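Notes follow the structure.
Given the structure is predicted, the values throughout are model-derived calculations rather than measurements. Below, chain A is the first sequence line, B the second, and so on; all start at residue 1.
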Amino acid sequence: MNNEEVKTTNFIHDIIDADLSSGKRTEVVTRFPPEPNGYLHIGHAKAIYLDFGTAEKYNGRCHLRFDDTNPEAEDIEYVNAIQEDIKWLGYDWGEHLYWASDYFDTMYDYAVRLIKKGKAYVCELTKEEFKDHRGIPTEPGKEPPGRTRSMEENLDLFERMKNGEFEDGTYTLRARIDMTSPNLHMRDPAIYRIKKAHHHNTGDKWCIYPMYDFAHCIEDSIEGVTHSMCTMEFEVHRPLYDWILEELEVFQSHQYEFSKLNLTYIVLSKRRLLQLVNEGRVSGWDDPRMPTLCGMRRRGFTPEAIKKLCSVVGCTKFEGITEIELFESIVRDDLNENSLRAMAVVDPIKVIIENYPEDQVDEFEIPNHPQKEELGTRQVPFSRELWIERDDYMDDAPNKFKGFTIGREVRLRGAYLATCNEVIKDADGKVLELRCSYDPETKGGSAPDGRKVRSTIHWVSAKHAVDAEVRLYDRLYTVENPLGDKEKDFKDFLNPESLEVITAKLEPMLATVEPGTRFQFERVGYFCADKDHSSEQPIFNRTLTLRAPRKL
RNA sequence: UGCCCGAUAGUGUAAUGGAAGCACAUGUGACUUUGACUCAUAGGGUCCUGGUUCGAACCCAGGUCGGGCAACCA
């Protein structure tokens, strides 16, 4: 899992190649333009990967630009979180951190320039009135009265809008394009509106703010962005993007659209994510079940796996839905390669090794990774009483079963071979403990006489075990596409078993690790020490189970 | 019944007029001190109808199906 993603190509890179070889462009400048009104999720990761990754591939640069043109919706609290998430993914914007609000003065001047060209006018229509004038897709619109206003009067009105002489909603500045255009976005779109709102960067300097369509292309142009990538829903806005830059006669940035990421069992709309948080369906934005980058980080997913996914799904204009299994496979591949092994028992039953001395303790040196000797070993204590998984005992087990059954010899991973002699159950038949005997000649887990055991199970010494809160996470929804049923709300498909909290028995080393450290608990799954994990209060989150084992 | 975009195995994506590949998923087998990993192996695809061409997934025409667009949001 390295930098191979930079080698990928796609239709936008084909265009860049052509632009570079034709001389249309001599460098590649991209930008990632989040609005600071929420947390970044894996859909944004695709955009970040494309924006930063493309700049990287062409030795260009990628700007981080906060698109803060709507003070009512935005909040500075998101700014740091967004930067942290981008850095976590491994990208660096260097000194190229910008704000749309940096350009408010220029945007105002540009608006005045349009008015002077007769390409913009002040419109006194209310929202509803304009809606009526705009018409519907199949019928042309009607010209608003302000369209014929003189340039001088427009200039005066616009300045008075800026000076705060009018209330919110009374006037807008509109581009004067074509009320009959088949593209609704070209029917005299609003480019400035009055909003007497405090802005986190510009304070109370402005009471008019530019609309996205006007602001975004100008931001791109000012920064010299050559290839401005966004998702498909902006495709119909592109004629307006081009129109504004052409009328302004400024640097012509170009917009390219790709389809956004969709994954089965995942919902990515900001509004719905907010609902989950507000209604307490999850513990917060960084709940490990959330598809937010902070949630996925807490869950134990790696930035490398997220980027690899973005690389593998590619970049096209086709809006499909990628199976989550692809991502899970990439995650397991990464975690299998890079996480250390440990032993933990999540559903414990007691094993007593009857012929093992009461006070004896063995320290076994067990490899941290079966295929990577260089990752070293660790000491794991063994004693007379152990915890093993409830699943690792079965009455009258078939041959294929890997675990104890009466009379069968099993390998205790890295320790000894042991045979189960007796099972003790309660009145309901629930297994309470196993009575076993071990072979002292099999230290380390192999028999001097060469006899084979088909089963190896994990264990934790009861005397040394550390109790930990372990959070077993599963898919947040029960269906592939929770938004697919028009009759039902997506929350109707919430998986009631998406979180199960248990107390597990850990090998002692695990209590001492730093929050965020990832492990494979052998034969159980991949786990990550939670951000609140400590040696006094160990907490682990399950990232994923191991690949589903074959059925018996 | 307006405009824009799209369609390649179950899913995602290559092939840019010259043998339809890859990954995930699925089936089978081998190996294993993790039922993991690894290895081997199998099945499965160009939306439809015409046209151009020696040759079409690719170019053209018409259709079908899917998505997007009517905030003073981004």
Side-chain angles (χ1 to χ4, degrees), chain A residues 8-11 14 33-35 37 67 69-70 72-74 100 123 125-127 130-131 134-141 168-174 181-187 189-195 208-209 211-213 215-216 230-239 257 259 262-264 270 309 312-330 332-333 336-337 341 343 366-367 369-371 400-403 411-415 417 444-446 453-458 480 520-526 545-552:
Chain A
T8 60
T9 190
N10 58 52
F11 78 96
D14 291 344
E35 184 186 18
N37 72 344
D67 213 355
T69 57
N70 184 359
E72 284 174 346
E74 295 146 11
C123 174
L125 259 27
T126 64
K127 219 187 288 190
F130 186 77
K131 194 177 172 184
R134 180 167 39 219
I136 55 173
T138 50
E139 286 169 28
D168 288 15
T170 51
Y171 287 101
T172 55
L173 185 72
R174 294 189 175 279
S181 171
N183 182 344
L184 283 315
H185 295 279
M186 299 298 273
R187 320 244 266 225
I191 59 178
Y192 260 97
R193 77 284 216 190
I194 300 171
K195 252 184 211 300
I208 56 171
Y209 291 93
M211 299 289 293
Y212 167 85
D213 284 314
H216 204 89
C230 61
T231 46
M232 291 299 294
E233 66 265 29
F234 292 101
E235 192 162 35
V236 284
H237 297 238
R238 181 161 22 98
E257 309 84 15
S259 65
N262 287 306
L263 291 166
T264 56
K270 256 182 204 175
L309 175 74
V312 167
V313 299
C315 172
T316 67
K317 293 166 91 86
F318 175 66
E319 191 136 346
I321 182 162
T322 298
E323 292 173 338
I324 196 65
E325 287 83 353
L326 176 60
F327 179 57
E328 293 176 345
S329 167
I330 290 167
R332 289 190 178 105
D333 193 41
N336 174 56
E337 181 85 9
R341 309 296 133 116
M343 290 198 286
I366 297 183
H369 194 293
Q371 282 89 32
K400 288 174 116 179
F401 178 72
K402 297 255 200 175
R411 177 181 299 107
L412 296 166
R413 172 73 151 144
L417 301 185
S446 49
V453 288
R454 63 176 301 113
S455 309
T456 301
I457 67 169
H458 60 283
E480 284 193 358
Q520 183 198 100
F521 293 173
E522 284 191 277
R523 303 208 309 135
V524 179
Y526 296 100
T545 61
L546 256 28
R547 199 182 302 278
R550 291 185 207 108
K551 301 282 184 297
L552 282 177

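- The gap from the C1' atom of B/C69 to that of B/G10 amounts to 31 Å, rounded to the nearest Å.
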### Task
Spell out protein contact along nucleotides 22-27 of chain B as letters: B when the base is contacted, S when just the sugar-phosphate is, - when no protein heavy atom is under 4.0 Å; keep the 5' to 3' order.
--BS--

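- Going from the C1' atom of B/G18 to that of B/A56 covers 10 Å, rounded to whole Å.
- With hydrogens and angles left out, the side chain of A/E235 and the base of B/C4 share no donor-acceptor pair within 3.5 Å.
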### Query
Using Watson-Crick and G-U wobble pairs whose two distances are both under 3.5 Å, how do you write the pairing of RNA chain B as dot-bracket, with | for links to another strand?
.((((((..((((....[..)))).(((((.......)))))....(((((..]....))))))))))).....

### Task
Any chance you could list the contact pattern along nucleotides 69-74 of chain B? Use B for base contacts, S for sugar-phosphate-only contacts and - for none, protein heavy atoms under 4.0 Å, 5' to 3'.
SBSBSB

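- Comparing the C1' positions of B/G12 and B/U1 gives a spacing of 35 Å, expressed to the nearest Å.
- Residues passing the side-chain contact (heavy atoms from CB on, under 4.5 Å) test with A/Y212 are A/D67, A/H216, A/F234, sequence neighbours excluded.
- For the side-chain contact (heavy atoms from CB on, under 4.5 Å) test, residues two or more places apart in sequence or in another chain that qualify with A/M186 are A/I177, A/S181, A/N183, A/P239, A/L240, A/W243.
- The residue from A/R411, A/K402, A/R413 that alone fulfils the side-chain hydrogen bond (donor to acceptor under 3.5 Å, both in side chains) condition with A/T456 is A/R411.
- In this structure, the NZ atom of A/K402 is 7 Å from the C1' atom of B/U32, given to the nearest Å.
- Of the candidates B/G67, B/G35, B/C37, the closest approach to any side-chain atom of A/R523 belongs to B/G35.
- Comparing B/U8 with B/G2, their C1' atoms sit 31 Å apart, to the nearest whole Å.
- Under the 90° criterion around 0 for the glycosidic angle, B/A40 counts as anti.
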Check: protein-nucleotides 14-17 of chain B nitrogen or oxygen pairs below 3.5 Å:
from	atom 1	to	atom 2	distance (Å)
B/U16	O4	A/D14	OD2	2.6

